[in-house]
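Report on one structure; see the data block that follows.
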There are 2 protein chains.
Amino acid sequence: MLTIGKLGDAAGVKVPTIRYYEQIGLLPEAERSAGNQRLYGCKALERLAFIRHARDLGFTLEAIRDLLSLSDNPDQSCAAADAIARSQLVEVESRLARLTALKSELERMVVQCAGGKIADCRVIEVLGDHSLCATDHRHPEAEARQ
Amino acid sequence: MLTIGKLGDAAGVKVPTIRYYEQIGLLPEAERSAGNQRLYGCKALERLAFIRHARDLGFTLEAIRDLLSLSDNPDQSCAAADAIARSQLVEVESRLARLTALKSELERMVVQCAGGKIADCRVIEVLGDHSLCATDHRHPEAEARQ
DNA sequence: CTTGAAGCTATAGTTGCTAGAGACATTAGA
DNA sequence: TCTAATGTCTCTAGCAACTATAGCTTCAAG
Ligand SMILES: [Zn+2]
Ligand SMILES: [Zn+2]
Ligand SMILES: [Zn+2]
Ligand SMILES: [Zn+2]
């Protein structure tokens, strides 16, 4: 059995984060020691590693919640899980497209500035006027966090 | 003079967002009409458009605050503004690198799944085990939002 | 003159944590 | 065995950058 600190070390997750996951129901309530400290077995470690890895791949906690509940009954079809992954892929692709546009606009700004006074600064100038941009990089929709 | 709604339409910013920007001091307190409604001139519109454009390019409100105060005294050197833009570029490049890795891992997962039961689902399997990944896509550091 | 849209303030919620306070538990060294 | 240093407990508040709601007032069109 692992204490919360050991579990965190093993899974690469900070202690308050583990407690947070328990609080929102992503991890089941842990067993407790005689002194009321949480104790975890290897099932909990696996579950936490799953969460951690999915977070690293950019899935939201809501998506992870669904993935976990899917993985809890292994006889079902995996279509739903695959759909979640595919939609995460679409999300990542759209962010990638936008970031690529941002990068090129930022590069243009930085390269074009001759480095004089603010009044002549290309960075300030472009920020004030999107028509100076080469691409349409604007926020297409509310973009997810991470 | 524009009301807050017209200003928002003109700049592509929602009304509550404008009030929020005023609240946090990014926009100066607006003049008010006899009936206590905010009124804006074209200086405010320019400032808001600047904020909006910088947000679209991924700058944080803190960076934008600095950029605005720089642009308020045009005789200074633009080195500080350029530095902010360059550091934003570095930030975007690092996010781009990570998203690229995520994309390839997600593609691998999705492609490799034959689509049977959860027990055999490659998506679930990979999520549970990072050693099945081809790249090291893990969160290098706390990554900014947007 | 009435009605509906737009504006006002203030507060709370979102996501995914992170930080702090103050109290209890456990463990290693003297 | 005592003690000091960690580790853990709960609870609350804070972060970015908004967004939503409630309950009110003001404005513009017909
Ligand atoms: Zn410059
Ligand atoms: Zn632009
Ligand atoms: Zn599958
Ligand atoms: Zn991985």
Given a cutoff of under 4.5 Å between side-chain heavy atoms of I, L, V, M, F, W and Y, with clusters grown through shared members, what are the other residues clustered with A:Met1?
->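 A:Met1 shares its hydrophobic cluster with A:Leu39.
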Specify the separation, in whole Å, of atom [atom1] of [X] and atom [atom2] of [N].
| X | N | atom1 | atom2 | answer |
| --- | --- | --- | --- | --- |
| B:Leu2 | C:dA6 | CG | P | 15 Å |
| B:Asp9 | C:dA5 | CG | C1' | 13 Å |
| A:Gln37 | D:dT6 | CD | C1' | 11 Å |
| B:Lys6 | D:dC27 | NZ | P | 15 Å |
| A:Phe59 | C:dT15 | CZ | P | 18 Å |
| A:Leu61 | C:dT14 | CG | C1' | 13 Å |
| B:Arg55 | D:dA17 | CZ | C1' | 6 Å |
| B:Leu7 | C:dG7 | CG | P | 10 Å |

Can you list every pair that meets ring-ring contact (aromatic ring centres under 6.0 Å, His included) and has a residue in residues 91-126 of chain B, with sequence neighbours left out?
->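 Counting only pairs at least two positions apart or across chains, no ring-ring contact (aromatic ring centres under 6.0 Å, His included) contact touches residues 91-126 of chain B.
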Take A:Glu62 and B:Val15, find for each the nucleotide of DNA chain C with the closest heavy atom, and name the residue whose nucleotide sits nearer the 5' end.
->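 The residue mapped nearer the 5' terminus is B:Val15.
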Taking only heavy atoms on the protein side, list every residue of residues 18-36 of chain A lying under 4.0 Å from any atom of DNA chain D, sorted numerically.
->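 Within this stretch, A:Arg19, A:Arg32, A:Asn36 sit under 4.0 Å of the strand.
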Among D:dT19, C:dC8, D:dA17, which nucleotide sits nearest the side chain of B:Thr17?
->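 Ranking D:dT19, C:dC8, D:dA17 by closest atom to the B:Thr17 side chain puts D:dT19 first.
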Considering only NZ, NE, NH1 and NH2 on the basic side and carboxylate oxygens on the acidic side, decide whether A:Glu125 and A:Arg122 come within less than 4.0 Å.
->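 Yes, charged N to carboxylate O under 4.0 Å.
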Taking NZ, NE, NH1 and NH2 as the nitrogens, is one of them in B:Arg38 or B:Glu22 under 4.0 Å from a carboxylate oxygen of the other?
->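 Between B:Glu22 and B:Arg38 there is a salt bridge, with a charged N closer than 4.0 Å to a carboxylate O.
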Phosphate oxygens OP1/OP2 of C:dG7: is one of them under 4.0 Å from a side-chain N or O of B:Arg38?
->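 No, B:Arg38 has no side-chain N/O under 4.0 Å of OP1/OP2 on C:dG7.
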Presence of A:Lys14 side-chain N/O under 4.0 Å of C:dT18 phosphate oxygens OP1/OP2 |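 The answer is yes; a side-chain N or O of A:Lys14 sits under 4.0 Å from OP1 or OP2.
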Heavy atoms of other groups near B:Glu31 CD, more than 12 under 6.0 Å =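 Open: at most 12 neighbouring heavy atoms sit under 6.0 Å from CD of B:Glu31.
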Joint hydrophobic cluster, A:Leu99 plus A:Val110, side-chain heavy atoms closer than 4.5 Å |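 Result: no, two separate clusters.
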Should B:Ile84 and A:Val111 be counted in the same cluster of Ile, Leu, Val, Met, Phe, Trp and Tyr side chains packed under 4.5 Å apart?
->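 B:Ile84 does not cluster with A:Val111.
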